[in-house]
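All values below come from the heavy atoms of this structure, side chains included, with hydrogens, waters and symmetry mates left out. Chain identifiers are assigned alphabetically (A, B, ...) following the order of the sequence lines, protein sequences preceding nucleic acid strands; residue numbering begins at 1 within each chain.
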Amino acid sequence: MHTVEMFSIVEMNRLPRLSALALHRLIPLGSPPPFLAQTHSAAENEPLIETFTQLCRDGPLSEAMSALDALDSRNLRAADHADYLHLVKLCLSAGDEAAGRRVHRHLTSGGHRPMLFLLNSLLGMYVRLGLMDDARQLFDALPLRNVVSWTTMISALIDLGLGGEALELFVFMRREGIQPNMFTFSSVIRACGTVRTLQAIHCSIVKCGLDSDVFVRSSLIDAYFRCGDLDSGYQVFDEFITLDLVVWNAVIGGFAQSSSGCKALELFVQMKRSGFLANQATLTSALRACTGMVLLEMGQQVHVHVLKYRTDLILNNALLDMYCKCGSLEEANFIFQRMLEKDVISWSTMISGLAQNGQSLEALKLFKLMKAEGPKPNYITIVGVLFACSHAGLVDDGLFYFRSMKKLFGIEPGNEHYGCIVDLFGRAGKLDAALSFIHQMEYKPDAIIWRTFLGACRVHKCSELAGYAAQEVLKLVPGDEGTYILLSNIYADAKQWSDVEQVRKVMRGRGVRKEPGRSWMEVGKKTHVFIAGDFSHPQMESISKELESLVCRVSSMGYVPDTEFVLHDFGREQKEESLRYHSEKMAIAFGMMYSMEGKSIRIMKNLRICGDCHAFAKLVSKAEGKVIVIRDPVRFHHFCNGACSCGDYW
DNA sequence: ATAGGGTTAG
């Protein structure tokens with residue numbers, strides 16, 4: 001029955017080349033080579049073979065290849081197959097394509113027919129050298145294919161991101177009657193893009209009795225998480241009686257990448273309690289969970305464990321990102337400076353991190369340094385650079401990098417780059433330029449482009465263009481909550497109350513609800529959450545008092561509640577009341593009550609900060625001599641001594 | 001003998 005399932009996975013009309021394989025052409029393997037004129041005696045050949053054997057094991061590759069030439073000149077083949085396996089390994093570690101192909105020719109020329117496992121090892125070599133054409137040719141020409149040949153090809157396709165073709169190959173393999181084993185399944189699972197496909201494969205695995213293999217398990221767990229089926233992923237994890245470290249890593253990694261960072265960290269703690277020693281992969285996932293939830297203190301705790309692996313590049317990159325995303329640039333810089341090895345990800349992370357934290361000029365400086373002494377920038381690096389330009393209002397620089405990225409770095413501009421340029425024009429108030437840019441882009445503008453433009457309309461209070469942009473977003477993403485809210489905000493700004501009401505009516509009609517503003521912060525190893533207009537926090541009474549006295553103190557410095565940011569057409573008092581209990585104001589008050597001398601207050605927000613709270617935070621930072629850091633979904637605001645790192649430009 | 005899983009930047 002599962003076979004039927006499997007076949008439905010692929011479109012049967014797109015068959016790969018190997019379907020042309022004629023089974024009757026199959027030649028038995030390992031048959032002796034045809035007779036050739038013997039020009040040398042066995043005694044004369046002996047030393048050549050011995051030298052060859054030695055060199056294949058100890059290298060260097062160049063000398064081993066000379067020994068191979070010597071064998072070739074007498075049409076000799078080493079009797080010990082292991083010699084060739086060693087030689088293939090030498091070619092691989094030297095990354096020498098020519099030598100690899102030469103070994104291939106040696107093995108198949110002169111009428112010799114090498115054993116299948118030797119051909120498989122050549123296949124693996126081509127794959128690892130990135131020579132897919134050679135691999136494909138060899139695979140198609142194989143006189144016989146066993147489960148290893150198929151598995152090698154399948155996993156190669158997956159690594160190239162060709163999951164669909166890998167699945168097709170899997171179907172063909174089964175059709176040729178080859179039984180998949182745990183090696184095959186642990187690979188093929190990675191090719192599953194949907195829960196349905198995954199379930200079909202999972203079903204086969206159970207039927208083959210291979211579901212207890214750790215590799216298969218960890219692969220399954222990871223895949224369920226990737227496809228968004230957290231429950232099944234966790235179930236596979238849970239059924240495991242005897243854990244192996246990697247299984248922990250798969251499930252922690254899975255939760256860390258979904259939005260369940262909490263669960264990931266919970267498991268991380270549980271894993272440590274069970275006596276497992278976290279390795280690089282575990283710690284990287286744990287850091288990612290901290291990054292996702294912006295938990296600086298938890299991240300710092302994980303950092304302690306990282307010290308053991310202080311040279312691990314991936315881990316250092318994750319650490320770097322964690323500090324950037326948690327708004328702690330001093331620590332990020334510290335890590336970056338002392339990393340012995342930095343790759344393109346390290347540089348890109350730091351550049352974006354600086355830009356997201358309002359230090360665009362520093363970001364561009366670092367980019368210059370990268371060009372001088374770092375690795376070659378890639379697609380993502382340029383996204384960070386353009387982000388820096390748009391957020392600092394550097395229109396000319398941004399346009400320069402955008403226009404010359406192809407020539408300078410060989411990178412074709414993609415969606416994200418176009419988005420940055422729309423943002424670049426939009427933020428700078430050049431709404432017309434942004435719009436005509438959108439209209440003449442090579443890409444069909446997607447929802448993100450239009451949302452970016454809509455955001456610019458909000459900043460520059462342009463309600464006419466906003467209506468148009470919102471329409472375009474809703475065409476692409478019907479019922480998009482954020483768009484309705486942004487639009488109603490813009491109309492409220494412009495005091496077009498009837499339009500506000502109109503939007504709200506549509507929202508009600510479609511069942512779209514406004515997500516309440518939410519802020520959270522870590523205090524005393526606990527995460528405290530504040531929701532706009534919600535008074536359920538146990539210390540609400542003292543928070544309210546603190547807030548009142550803060551408002552009083554900053555009022556003497558000129559703070560006037562800016563009720564423009566209240567959406568409803570309330571009376572003034574009602575507006576001030578609703579403004580006072582914005583979630584970030586409550587969080588600021590709470591932070592003032594509990595923050596330690598000399599430490600900054602760090603607040604996370606689910607929505608963009610409103611103008612009134614922004615002004616309030618600036619004044620509090622001055623009045624109280626406190627650094628306040630607020631992270632919204634896109635960037636950080638560092639409030640210090642009455643000013644914000646965003647330069648009031650967000 | 002040849003093939004496998006979990007980890008980083010927008």
Side-chain angles (χ1 to χ4, degrees), chain A residues 80-86 88-89 114-125 127-128 145-156 158-159 180-190 210 213-223 225-226 233 237 244-254 256-257 278-289 291 306 309 312-322 324-325 339 342-353 355-356 377-388 414-417 419-420 448 634:
Chain A
D80 187 353
H81 300 299
D83 290 355
Y84 293 113
L85 292 181
H86 284 112
V88 165
K89 266 194 203 116
M115 302 280 285
L116 179 56
F117 80 88
L118 282 181
L119 290 170
N120 282 342
S121 93
L122 285 171
L123 189 65
M125 175 194 74
V127 163
R128 273 177 249 193
R145 307 185 183 105
N146 65 8
V147 61
V148 178
S149 331
W150 287 98
T151 303
T152 304
M153 254 347 244
I154 289 173
S155 72
I158 295 171
D159 288 340
N181 61 16
M182 54 270 256
F183 287 84
T184 324
F185 278 122
S186 60
S187 282
V188 99
I189 289 166
R190 292 164 54 220
L210 295 169
D213 183 81
V214 263
F215 284 75
V216 171
R217 282 263 177 159
S218 45
S219 222
L220 265 179
I221 294 171
D222 178 60
F225 274 101
R226 242 196 7 254
F237 167 77
D244 175 279
L245 178 64
V246 179
V247 179
W248 278 105
N249 290 347
V251 74
I252 292 174
Q257 277 170 57
N279 71 1
Q280 291 98 314
T282 331
L283 293 172
T284 306
S285 290
L287 280 174
R288 186 174 167 141
T291 307
V306 172
Y309 305 101
D312 188 272
L313 177 61
I314 296 180
L315 197 40
N316 274 319
N317 284 344
L319 201 54
L320 194 60
D321 190 41
M322 188 273 291
C324 284
K325 293 278 164 50
M339 276 170 70
K342 298 186 190 102
D343 65 1
V344 62
I345 296 185
S346 328
W347 288 87
S348 307
T349 305
M350 199 62 218
I351 289 172
S352 298
Q356 284 162 347
N378 67 10
Y379 188 97
I380 297 174
T381 319
I382 308 298
V383 173
V385 170
L386 294 181
F387 184 95
N415 260 343
E416 289 94 335
H417 301 110
C420 285
I448 297 173
V634 188

Please confirm whether the shortest side-chain N or O distance from Lys325(A) to OP1 or OP2 of dG10(B) is below 4.0 Å.
yes
Taking all atoms of both residues into account, what is the closest heavy-atom pair of Ala318(A) and Thr291(A), and its distance?
O-OG1, 4.4 Å
Among the nucleotides dG4(B), dG5(B), dT8(B), whichever has the atom closest to the side chain of Ile345(A) is dT8(B)
Looking only at the side chain of Val214(A) (C-beta and beyond, no hydrogens), which of the listed nucleotides dT2(B), dG5(B), dG4(B) gets closest?
dG5(B)
When the distance from CG of Asp222(A) to P of dG5(B) is rounded to whole Å, what number comes out?
10 Å
Length of the CD-C1' vector between Gln356(A) and dG10(B), whole Å:
8 Å
To the nearest Å, how far apart are Leu315(A) CG and dT7(B) P?
13 Å
Per Phe183(A) side chain, nearest of listed nucleotides dT7(B), dG4(B), dA9(B):
dG4(B)
Tell me what Phe387(A) touches on the nucleic acid: a base, only sugar-phosphate, or nothing, going by heavy atoms under 4.0 Å.
nothing
Atom CE of Met339(A) to atom C1' of dA9(B): distance rounded to whole Å?
11 Å
To the nearest Å, how far apart are Leu283(A) CG and dT7(B) P?
14 Å
Checking only heavy atoms, does the side chain of Asp213(A) share a donor-acceptor pair with the base of dG4(B) at less than 3.5 Å?
yes
Sugar-phosphate only, base, or nothing, as touched by Arg128(A) at under 4.0 Å among non-hydrogen atoms
sugar-phosphate
How long is the line joining CG of Asp312(A) and C1' of dT7(B), in whole Å?
8 Å
Could you tell me which non-hydrogen atom of Ser155(A) sits nearest to which non-hydrogen atom of Ser187(A), and how far apart they are?
CB-OG, 3.2 Å
Partner residues of Arg128(A) under the side-chain hydrogen bond (donor to acceptor under 3.5 Å, both in side chains) criterion, sequence neighbours left out
none
Using only modelled atom types and a 3.5 angstrom limit, is any donor from either the side chain of Asn146(A) or the base of dA3(B) paired with an acceptor on the other?
no
Tell whether Ser187(A) reaches the base of dG4(B) with its side chain through a donor-acceptor pair below 3.5 angstrom.
no
Those residues that, when tested against Ser121(A), pass side-chain contact (heavy atoms from CB on, under 4.5 Å) (two or more places apart)
Leu85(A), Val88(A)
Measure CG/Asp343(A) against P/dG10(B) and give the value in whole Å, please.
14 Å
From the candidates dT7(B), dA3(B), dG5(B), the one with an atom nearest any side-chain atom of Arg190(A) is dG5(B)
Select one nucleotide: of dT2(B), dA9(B), dT8(B), the one nearest the side-chain heavy atoms of Lys89(A).
dT2(B)
Taking Asp321(A) first and then Arg288(A), would you say they form a salt bridge - that is, a charged N and a carboxylate O separated by under 4.0 Å?
no
Establish whether the base of dG4(B) is bridged to the side chain of Ser186(A) by a donor-acceptor pair shorter than 3.5 Å.
yes
Nearest atoms (heavy-atom pairs only) where Ile252(A) meets Ala286(A):
CG2-N, 4.5 Å
Closest approach to the side chain of Tyr379(A), judged atom by atom: which nucleotide of dG10(B), dG4(B), dT2(B) is it?
dG10(B)
Consider the side chain of Ile380(A), meaning its heavy atoms from C-beta on, and name the nucleotide among dA9(B), dT7(B), dG4(B) that approaches it most closely.
dA9(B)
Nearest whole angstrom, please: distance from the P of dT7(B) to the CG of Asn317(A).
15 Å
By the 4.0 Å heavy-atom rule, please label Asn316(A) as base, sugar-phosphate, or nothing.
nothing
Classify Asn181(A) by what it touches in the nucleic acid, base, sugar-phosphate, or nothing, heavy-atom distance under 4.0 Å.
base
Need one value for Ser348(A): base, sugar-phosphate or nothing, where a base atom within 4.0 Å counts as base even if backbone is also close, heavy atoms only.
base
Side-chain contact check for Ala281(A): nearest option of dT7(B), dG10(B), dA3(B) is dT7(B)
Please check the phosphate of dT7(B) (OP1 and OP2 only) for any side-chain N or O of Arg288(A) closer than 4.0 Å.
no
Which heavy atom of Val246(A) sits nearest to which heavy atom of Asp244(A), and what is that distance?
N-OD1, 2.8 Å
